[in-house]
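Please read the structure below before turning to the comments.
Letters go in sequence order (proteins before strands), and every chain restarts at 1. Model, not experiment: these values are computed from the prediction.
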Amino acid sequence: MIHLKNINKSYWIGKEEVPILHNINLSIEEGEYVSIMGPSGSGKSTIMNILGCLDTPTSGEYILDGNSVLSRKENELSKIRNEYIGFVFQNFNLLPRLTALDNVQLPLVYAKVNKKERKELAIDALTKVGLKDRVNFKPTQLSGGQKQRVAIARALINKPKFILADEPTGALDTASSEQVMNLFTELNKEGVTIVLITHEEEIAQYAKRSIFLRDGAIIKDERRELHAR
Amino acid sequence: MLDNLKLSFQSIFAHKMRSVLTMLGVIIGIASIIAIVAMIEGQKESLKSSLVGTGNNSIAIMFQSPEAAAMGGSDMVMMGGGEEDPPDVIPTITDEQLEEAKVPDLVKSIAVFYQNYTQAYHLNNLSDSELYAVDDKYFSIFPIKMLEGRKIAPVEHKNGSQVAMINEATRDALFPEGSAINQVIELNKVPFRVVGVYADEKSEEDNMFMMDAGMGKIYLPKSAWPHLGSFNDIPQVLVQAYHSDQLEEAGQVVADSLNSQLPATSTWQYSIPDLQQIMEDINEFNQAFTLLLGGIASISLLVGGIGVMNIMLVSVTERTREIGIKKALGAKRSVILWQFLTESAVLTSIGGIIGVLVGLGGAKAISYFAHLPFAAPVPAIIGSVVFSMAVGIIFGLIPSMKAAKMKPIDALRYE
């Protein structure tokens, strides 16, 4: 479903070209639970940005669900992000002035779903992450773990092709982290494809497949038969 | 769109102080425009109604010297002779002449009357009063409401009886206690019997003759005027038209008809005030005034607009992350553009509405304390709110475009 072919990415710092990714080839199929691991500076954020259609590679090909997503216009990329990808960020990235319900609804607003349906779907999604009784809370009234679960509900709402989680437990305590990771495992069992970006070995253990990056190249790609827990 | 409006109000109210300060330029600009226009409109209305008897479609014809006529006849106070040399021919207007001047479907009614100022006495009481020697036709143009007694009877009009109707002010001055009815008052040393007291009202008539309300006023039968001695024999003519837009035409027809009856030696002529000219003069003055103050208001709106742009730029920078999140979740450029344009337009529209209220309040206060007329200028109010919204859209454009163009990755990375 996700195919990265010969992806290269470099940034320009002044007149000097700084290569970040070298010849990345990666395929992720539907229903997989993949972690992308690596120390900081290994290029995992860049891969995440490319996978999330937030950034474009210098060269290479990205085929998502049979369609090439490179050389698309910005508005088309917005549409792809909206329909295909559910984002979960390290720092939650909820809009502070909106309630949990409104935050979760946001992708549906951009997909032009009508108000009534939007609300029903959002309540369903919040119920699924165990926050049915927090729908009208604002982010400031929620704990870190609850915020991240709202963000997961938001990522799920458009029934995306995959969820892209960037250090989802980076700002959480151990108990909340566990809760969030169990939720991902739960969702994967239901068939949701998950791509997890992390630098923590322990977190990566939840995934069925781990990809290791170093200095912008894949150095290891291993599959586990069983879940860690 | 509704969501955008909701969001706009939320973010405007989230920074109340900042929003009010940002709006200040727009508020001041719009308030001054509204106040100025309200004062000018009020002035115009009252001038118009003092020149043209608005309510009752009547126009005064003046018997003037050529010099006075050349001045456009705008000097209404000159009516009744003033300090000029007396005319060489004092005309008399007969009923036949009036019948002839009365063009059907145009002139509804013509009233001829004499007017002068005198002191009225009763015992030791004195009242400064305007005397009006009139006939029944006069009251069909300017109706009065009786308080006590009765009106002057037709037979008294016919016979030149020495009877009078006085207004409240005259009654209060001459008869501080006791009834005025059937009492005798002295006008220019000639006795008149009071038959009625009528109500003082701020009437069209007062407007037309620029009278102060509360001044003494006495009506006599026109036929009794000669008894007073000839202290002002120049007849005044009042023409009532069927329609207000035929006012000048009706006045001109009657003036021409009366002029044709004058002896050839008369240099004085009947003429109507040149309403067109007067209105043009007023409009010209108002236009110059409007232009000047409009310019000042425009500059304050421009400055206000730049303030709005400045704050919107700050707001866009502050909300870089929000923009990044929205874009990551699938918001297109237009969504972001409209969000900020709406916010900017709502901000200035609120400013505009506050400005309208402040301006109206200010104009009302000025008109109250300076005793100036006031009229709410509806087109200007609507125009101001629309204009302030336009200011928001125009000056919000650059910040909104900046927001819309942000790359999601840069916006998300922003700390």
Side-chain angles (χ1 to χ4, degrees), chain A residues 9 11 45-46 48-57 72-99 102-115 118 138-139 150-151 153-158 160 164 166, chain B residues 1-19 311-312 314-344 346-347 400-415:
Chain A
K9 176 78 185 175
Y11 290 110
S45 292
T46 309
M48 129 107 198
N49 287 335
I50 289 170
L51 282 173
C53 295
L54 294 165
D55 202 358
T56 48
R72 298 285 186 116
K73 292 215 173 78
E74 203 196 302
N75 273 348
E76 287 175 303
L77 288 177
S78 286
K79 194 163 184 265
I80 289 167
R81 287 196 294 272
N82 185 255
E83 287 176 7
Y84 289 80
I85 307 165
F87 287 93
V88 178
F89 299 97
Q90 177 176 0
N91 46 11
F92 326 123
N93 276 348
L94 299 175
L95 296 184
R97 278 174 302 166
L98 299 185
T99 60
D102 287 339
N103 264 297
V104 173
Q105 281 186 55
L106 220 49
L108 294 178
V109 173
Y110 303 136
K112 300 197 164 65
V113 175
N114 76 54
K115 213 166 189 169
R118 232 153 64 191
K138 298 221 167 146
V150 172
R154 184 178 68 184
L156 286 171
I157 191 111
N158 259 5
L164 192 56
D166 180 19
Chain B
M1 196 64 213
L2 222 65
D3 291 321
N4 269 346
L5 281 177
K6 201 175 122 192
L7 274 177
S8 304
F9 279 108
Q10 277 176 350
S11 66
I12 288 165
F13 282 101
H15 305 100
K16 284 190 202 70
M17 183 74 172
R18 184 161 102 182
S19 301
I311 283 300
M312 288 309 294
V314 170
S315 177
V316 167
T317 307
E318 273 179 357
R319 278 143 73 184
T320 301
R321 211 183 174 82
E322 176 190 324
I323 295 164
I325 296 167
K326 285 184 169 175
K327 284 206 155 182
L329 296 180
K332 294 187 176 161
R333 279 185 175 195
S334 55
V335 172
I336 306 292
L337 183 79
W338 276 112
Q339 184 199 334
F340 283 96
L341 268 189
T342 309
E343 186 171 323
S344 165
V346 166
L347 188 70
S400 304
M401 271 164 39
K402 187 186 165 198
K405 273 190 195 152
M406 276 184 186
K407 284 197 172 137
I409 178 164
D410 297 333
L412 274 175
R413 255 196 226 130
Y414 185 85
E415 293 299 331

If I measure from the heavy atoms of chain B, does L98(A) come under 4.5 Å with its side chain, its backbone, both, or neither? side chain
CG of D166(A) to CG of L412(B): how many Å apart, nearest 0.5 Å? 9.5 Å
Of all of N93(A), L54(A), I85(A), N49(A), which one pairs up most often with chain B through heavy atoms under 4.5 Å apart? N93(A)
Roughly how far, to the nearest 0.5 Å, is NZ of K6(B) from CZ of R97(A)? 11.5 Å
Between A331(B) and S78(A), which heavy-atom pair has the shortest distance, and what is it? O-OG, 3.2 Å
Part of D102(A) within contact of chain B (heavy atom distance under 4.5 Å): side chain
With a 4.5 angstrom heavy-atom cut-off, could you sort out which part of K407(B) is near chain A: side chain, backbone, both or neither? neither
Quick one: are I325(B) and F89(A) in side-chain contact, heavy atoms under 4.5 Å? no
Residue among E76(A), K79(A), E74(A) with most heavy-atom pairs under 4.5 Å to chain B: E74(A)
State the NZ-CG distance between K332(B) and N82(A), to the nearest 0.5 angstrom. 8.5 Å
Atom CE of M48(A) and atom CD1 of I409(B): how far apart are they, to the nearest 0.5 Å? 8.5 Å
